[in-house]
Amino acid sequence: MAIEKTLSIIKPDAVERNLQESFIQRFKKEGFKILAKKEALLTKEEAQDFYIEHKGKVFYESLVNYMTSGPVVLMVLERENAILKNREVMGATNPKDAAPGTLRKEYAVSLEKNSVHGSDSPASAAREVEFFFPELVKCC
Ligand code: CDP
Ligand code: MG
């Protein structure tokens, strides 16, 4: 299986509760390398653009407000099969449906405040890594 990169975001509800280290330890334990990491307060424009695929959905505006409500931790994770593996470690979008032992089952507050983001496909991983870490994407 191929070595992949994926974008992870520790969302405001988790940063607010100081859960960064617990999440990072979990990712390391699952064999991910943290290739890049930075804390940021997203602007409204960044959050709108990042979640553009959801524009027009009922939850879009609230999601953008939530994602700009406090600092997030942005990370590029790398390992074999990273995109799918990260989605497994995160658990289902709705914490009510998330499997035991997943980050969302353990930490999420609600469907919206579900503590963590992860790219959902190779195409979105490529887009999302470049979105926040353009310097990691080789050019020329
Ligand atoms: O984050 P994930 O890829 O699992 O789910 P998504 O369908 O891409 O939705 C992006 C984010 O929007 C979710 O992680 C939730 O924070 C939020 N959301 C929501 O508030 N209400 C929904 N019905 C669906 C998603
Ligand atoms: Mg998604």
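Remember, it's 1-based here, ligands and their atoms both numbered in the order they're listed. This is a predicted model, so every value here is computed, not measured.
Taking atom 17 (C) of ligand 1 as the reference point, the nearest protein heavy-atom neighbour is Leu63 CD1, 3.8 Å. Scanning the protein heavy atoms around atom 4 (O) of ligand 1, the nearest turns out to be Thr93 OG1, 2.5 Å. The single protein non-hydrogen atom nearest to atom 15 (C) of ligand 1 is Leu111 O, 3.4 Å, given as residue, atom name and distance. The single protein non-hydrogen atom nearest to atom 18 (N) of ligand 1 is Phe59 CD1, 3.6 Å, given as residue, atom name and distance.
Summarising the contacts of atom 1 (O) of ligand 1 with Glu112, Lys11, Arg104, the nearest heavy atom is found in Arg104.
At least one heavy atom of His54 lies less than 4.0 angstrom from ligand 1. Proximity of Asn114 to ligand 1 is established by a heavy-atom distance of less than 4.0 Å. Contact annotation: Arg87 has at least one heavy atom less than 4.0 Å from an atom of ligand 1.
Judged by distance alone, the side chains of Tyr66 and Asp13 do bring a donor and an acceptor atom under 3.5 Å apart.
Through ILVMFWY side-chain contacts below 4.5 Å, Met1 is grouped with nothing and stands alone.
Among Leu7, Asp120, Thr6, Ile9, the one residue that satisfies the side chain to side chain contact (heavy atoms under 4.5 Å, CB included) test with Glu128 is Leu7.
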Which side-chain N or O atoms in residues 72-90 pair as donor and acceptor under 3.5 Å with protein atoms at least two apart or in another chain?
{"from": "Glu78", "atom 1": "OE2", "to": "Lys5", "atom 2": "NZ", "distance (Å)": "3.2"}
{"from": "Arg79", "atom 1": "NH1", "to": "Glu30", "atom 2": "O", "distance (Å)": "2.7"}
{"from": "Arg87", "atom 1": "NH1", "to": "Gly118", "atom 2": "O", "distance (Å)": "2.9"}

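Below 30°, between 30° and 60°, or above 60°: for His54 and Tyr51 the angle between ring planes is between 30° and 60°, a tilted geometry.
No donor-acceptor pair under 3.5 Å is formed between the side chain of Thr102 and the backbone N or O of Ala98.
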